Undergrad: 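So that we are looking at the same thing, I have put the structure below in structure tokens.
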Amino acid sequence: MHDINLIRKNPNQFVEEMKKRFVSVDINEILSLDEKKRSITFHLQELQNKRNNFSKDIAKLKNKKEQVEKIIIQVNEIKIDIKKKEEQLFKISNELNLILLNLPNYASSKVPVGKDESLNELVFESKEIEKKTEGLAHDEIGKNLRMMDFESAAKISGSRFVILKADLARLERALCNFMLDIHVNENGYEEISTPHLVKDDALLGTGQLPKFKEDLFSTSDNKWLIPTAEVTLTNMCRDKMLLDKELPKRYVALTNCFRSEAGAAGQDTKGMIRLHEFKKVELVSIVTKESSDAELERLTKCATKILDLLEIPYRVSMLSSGDMGFSASKTYDIEVWLPSQRTFREISSCSNCTDFQARRMNAKYKNNNNEKFFVHTLNGSGIAVGRALLSILENNQINKNSVKIPKVLMKYMSGLDKIELVDEK
RNA sequence: GGAGAGGUGGCCGAGUGGUUGAAGGCGCACGCCUGGAACGCGUGUAUGCGAGCAAUCGUAUCGAGGGUUCGAAUCCCUCUCUCUCCGCCA
């Protein structure tokens, strides 16, 4: 949500900023709605002031036992006007809000301006681990191991679901525990267990609503399934006044995430890259406005540390202004190497949302001088569990029927060092 | 699901129709006191919006939305959340 005062002060700059996000705005409509809104507000307040003064007069006159009927007739006329103005104000405010709620955050000045991923900027690529250029796809490996069952999942739940079995199910659990342990013990995050169903307001706060409701699943009683724990974690500070010394707040949660993938028909239909439901470990930081730049670097390092420890090749790139998510001002994507596709695929996205979500959520902090500011919010996957699992399968394949378990996960797998096909029956 | 009780400022908590935006307390900030601190004393301390260069003024906000009234934190209705008891249940 943008500050209308800033837009009014410098409308041309606002248009330029939105252009960087490849969004066109009818600035004249915004300014005219704002103008109308303020004018109506002014007149409404004048009328309210009159009414209040009359009411006070009535109280005084009644104390003196004097007649009040004439004044009451006057006030009743004012009340009709007030009602009219209130209705106008309500309508105009809604119109303006709807426009503002649908405009994305400003891109940071450090972000390359570009329409899509072609202008993303590579900022880091890991070199220690060799990138294999051949190998089976993860779903082939999973099927060979007889531990990944898309057919049953499709029968039970439909397309874009998976069932993991035996050591693969266990590997998923190991990854979850490993990541949570690192973030809690080494990276200073507080572990949170959150609901998976949320109300409209929560999604409005983080920016998924009102614009992206087709990407979400909803329930029969007007709730939504979270597409990421960012929603619940960030909304924990909604409508709060925090003290600057309480910040930063750093939260980590493991949740299932639910996405309709409405715009992705036909993409990644094979395997477990793009599912309707997947597990993800999410990192969220609530910080002061001065520290959000540094926090994004920190948060991204917390995420890449997981890949370093798992010994999976990856790269980090800064997204261009057109490729970033709605609420983000600056985003680093982390991508892992997939030998079967001979390409990097996204496994984490770390974003600084500056005060964009905080304005929507009314999340503030104050300092010793009693000055109030909106908090800055950041989020990033630390990391997507399903995609981590499939990248282990592809990068650690020993032969068509066995996969090496990363050293750091062995203690979470009772010391097991590989997963292999066991011939039963 | 049934019965009852509640939701007031950063927090706790008074307040059932007219200078109540809201007593009191805690917390916090500043000052005095002190060698320094604690204690004590004093002062200040909600947010949004609008007008104004500003001091300031106006307006709205006591869970949310409607209603009654000249006037609502206070009365009525709906919704929502919390708590207690009962039922059900992982």
Side-chain angles (χ1 to χ4, degrees), chain A residues 1-9 30-97 99-101 193-205 209 218-224 232 235-247 249 256 286 288 355-375:
Chain A
M1 181 74 138
H2 292 285
D3 185 353
I4 186 70
N5 294 307
L6 290 179
I7 298 176
R8 190 189 308 130
K9 222 177 271 175
I30 293 176
L31 293 176
S32 129
L33 284 171
D34 173 50
E35 181 58 42
K36 276 185 209 155
K37 183 183 165 187
R38 282 185 302 148
S39 154
I40 295 168
T41 303
F42 182 80
H43 292 301
L44 173 63
Q45 292 187 353
E46 261 182 352
L47 292 169
Q48 287 169 325
N49 181 226
K50 270 192 200 169
R51 179 199 60 196
N52 290 347
N53 285 333
F54 276 131
S55 293
K56 279 175 199 164
D57 290 346
I58 289 170
K60 282 178 203 154
L61 289 173
K62 275 204 165 176
N63 279 337
K64 290 191 238 164
K65 305 255 159 83
E66 290 182 30
Q67 290 292 308
V68 294
E69 279 70 26
K70 274 186 186 168
I71 301 185
I72 289 179
I73 291 168
Q74 272 182 286
V75 180
N76 279 334
E77 280 168 22
I78 294 175
K79 279 174 72 182
I80 295 169
D81 289 344
I82 288 181
K83 188 118 198 168
K84 239 185 262 171
K85 293 278 179 222
E86 278 176 344
E87 279 162 11
Q88 289 173 13
L89 184 62
F90 181 77
K91 197 169 156 253
I92 292 269
S93 299
N94 282 346
E95 271 180 64
L96 183 58
N97 263 342
I99 294 174
L100 294 180
L101 282 172
S193 170
T194 87
H196 294 65
L197 290 177
V198 298
K199 300 194 278 189
D200 293 12
D201 288 347
L203 289 155
L204 206 70
L209 289 179
S218 62
T219 69
S220 54
D221 64 341
N222 296 318
K223 294 209 169 43
W224 305 86
T232 36
N235 270 278
M236 287 203 297
C237 68
R238 177 152 53 101
D239 291 319
K240 285 227 168 122
M241 178 67 73
L242 303 163
L243 300 174
D244 56 355
K245 58 190 169 199
E246 294 178 75
L247 302 175
K249 285 182 180 290
N256 285 20
I286 314 292
T288 61
D355 62 357
F356 185 80
Q357 295 179 321
R359 285 179 189 284
R360 292 171 160 248
M361 289 192 298
N362 189 31
K364 296 180 179 177
Y365 67 99
K366 63 177 176 184
N367 60 20
N368 273 349
N369 298 328
N370 230 21
E371 296 170 298
K372 282 104 185 166
F373 308 99
F374 287 106
V375 298

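On a predicted model such as this, the values are computed, not experimentally measured, just so you know.
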Undergrad: Given atom CG of A:Asn97 and atom P of B:G48, what is their separation to the nearest angstrom?
TA: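 After rounding, the reported distance stands at 16 Å.
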Undergrad: Between B:C41 and B:U34, how far apart are the two C1' atoms, rounded to whole Å?
TA: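 Looking at atom C1' only, B:C41 and B:U34 are 13 Å apart.
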Undergrad: Sugar-phosphate means primed atoms, P, OP1 and OP2; the rest is base. With that split, encode nucleotides 66-81 of chain B 5' to 3' as B, S or - using protein heavy atoms under 4.0 Å.
TA: -S--BS----------
Undergrad: Across all strands shown, which nucleotide pairs with B:A23 by Watson-Crick or G-U wobble geometry, both distances under 3.5 Å?
TA: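 For B:A23, the partner nucleotide comes out as none, under the 3.5 Å rule.
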Undergrad: Listed by chain and number, what are the side chain to side chain contact (heavy atoms under 4.5 Å, CB included) partners of A:Glu66, not counting sequence neighbours?
TA: A:Leu61, A:Lys64
Undergrad: Rounded to the Å, how far apart are A:Asp57 CG and B:U19 P?
TA: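 Roughly 14 Å, once rounded to whole Å.
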Undergrad: Which value, in whole Å, describes the distance between the P atoms of nucleotides B:G71 and B:U61?
TA: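 B:G71 and B:U61 have their P atoms separated by 13 Å.
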Undergrad: Below 4.0 angstrom, N of the basic side chain to O of the carboxylate: do A:Lys84 and A:Glu87 qualify?
TA: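 No salt bridge links A:Lys84 with A:Glu87.
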Undergrad: Where do A:Met361 and A:Cys237 come nearest, in terms of heavy atoms and distance?
TA: CE-SG, 4.2 Å
Undergrad: C1' atom, B:C89 versus B:G2: distance in rounded Å?
TA: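 Going atom to atom, C1' in each nucleotide, I get 16 Å.
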Undergrad: Taking C-beta and beyond as the side chain, do A:Leu100 and A:Ile7 meet within less than 4.5 Å on heavy atoms?
TA: yes
Undergrad: Indicate the atoms forming the closest heavy-atom contact of A:Asp201 with A:Asn235, along with that distance.
TA: O-OD1, 4.2 Å
Undergrad: From CD1 of A:Ile82 over to P of B:U59, roughly how many Å is that when rounded to an integer?
TA: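 Rounded to whole Å, this separation is 11 Å.
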Undergrad: Report the residues that fulfil salt bridge (Lys or Arg N to Asp or Glu O under 4.0 Å) with A:Lys249, sequence neighbours left out, ordered by chain and then residue number.
TA: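 So A:Lys249 forms a salt bridge (Lys or Arg N to Asp or Glu O under 4.0 Å) with A:Glu246.
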Undergrad: Please write out the pairs of protein N or O atoms and N or O atoms of nucleotides 49-53 of chain B separated by less than 3.5 Å, giving the distance to one decimal.
TA:
{"residue": "B:C49", "atom": "O2", "partner": "A:Gln45", "partner atom": "NE2", "Å": "3.4"}
{"residue": "B:A51", "atom": "OP1", "partner": "A:Arg38", "partner atom": "NH1", "Å": "3.3"}

Undergrad: Rounded to whole angstrom, note down the C1' distance from B:G42 over to B:G52.
TA: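 One C1' to the other, the span is 33 Å.
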Undergrad: Please measure how far the P atom in B:A46 lies from the corresponding atom in B:A37, and state the result in whole Å.
TA: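 Nearest-Å result for B:A46 against B:A37 at atom P: 28 Å.
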Undergrad: Roughly how many Å apart are B:A54 and B:G66, using the C1' atom of each and rounding to a whole number?
TA: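 Going atom to atom, C1' in each nucleotide, I get 41 Å.
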Undergrad: Quickly work out the A:Asn53 CG to B:U19 P distance and round it to whole Å.
TA: 14 Å
Undergrad: Considering Watson-Crick and G-U wobble pairs with both distances under 3.5 Å, what does B:C83 pair with?
TA: B:G4
Undergrad: Tell me: CZ of A:Arg238 to P of B:G63, nearest whole Å?
TA: 17 Å
Undergrad: Paired with B:C39: which nucleotide, if any, by Watson-Crick or G-U wobble criteria at under 3.5 Å for both distances?
TA: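 Partner of B:C39: none.
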Undergrad: Sticking with atom C1', work out how far B:C79 lies from B:A23, rounded to a whole angstrom.
TA: 32 Å
Undergrad: A:Asn53: what forms a side chain to side chain contact (heavy atoms under 4.5 Å, CB included) with it, not counting sequence neighbours?
TA: A:Asn49, A:Lys56
Undergrad: Counting only Watson-Crick or G-U wobble pairs whose two distances fall under 3.5 Å, which nucleotide matches B:U56?
TA: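 Across any shown strand, B:U56 pairs with B:A51.
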Undergrad: Are any of the side-chain heavy atoms of A:Trp224 and A:Leu197 separated by less than 4.5 Å?
TA: no
Undergrad: Holding to side chain to side chain contact (heavy atoms under 4.5 Å, CB included), I want the full list of residues that pass it with A:Glu95, two or more places apart in sequence or in another chain.
TA: A:Leu33, A:Lys91
Undergrad: Decide yes or no for A:Glu86 and A:Gln48: does some side-chain heavy atom of the first lie under 4.5 Å from some side-chain heavy atom of the second?
TA: yes
Undergrad: Without decimals, in angstroms, what is the distance between A:Lys364 NZ and B:G9 P?
TA: 15 Å
Undergrad: Rounding to a whole Å, what distance do you find between A:Glu46:CD and B:C57:P?
TA: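 Spelled out: CD on A:Glu46 to P on B:C57 is 18 Å.
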Undergrad: If every non-hydrogen atom of A:Met1 is compared with every non-hydrogen atom of A:Arg359, which pair is closest and at what distance?
TA: O-CD, 2.9 Å
Undergrad: Searching all strands shown, indicate the nucleotide that pairs with B:C28 (Watson-Crick or G-U wobble; both distances under 3.5 Å).
TA: B:G44
Undergrad: Give me the distance, rounded to whole Å, that separates B:U8 from B:A3 when you measure between the P atoms they each carry.
TA: 25 Å
Undergrad: Given atom CG of A:Asp239 and atom C1' of B:G10, what is their separation to the nearest angstrom?
TA: 14 Å
Undergrad: Tell me which nucleotide, if any, is Watson-Crick or G-U wobble paired with B:A73 when both distances must be under 3.5 Å.
TA: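 The base-pairing partner of B:A73, which may sit in any strand shown, does not exist here.
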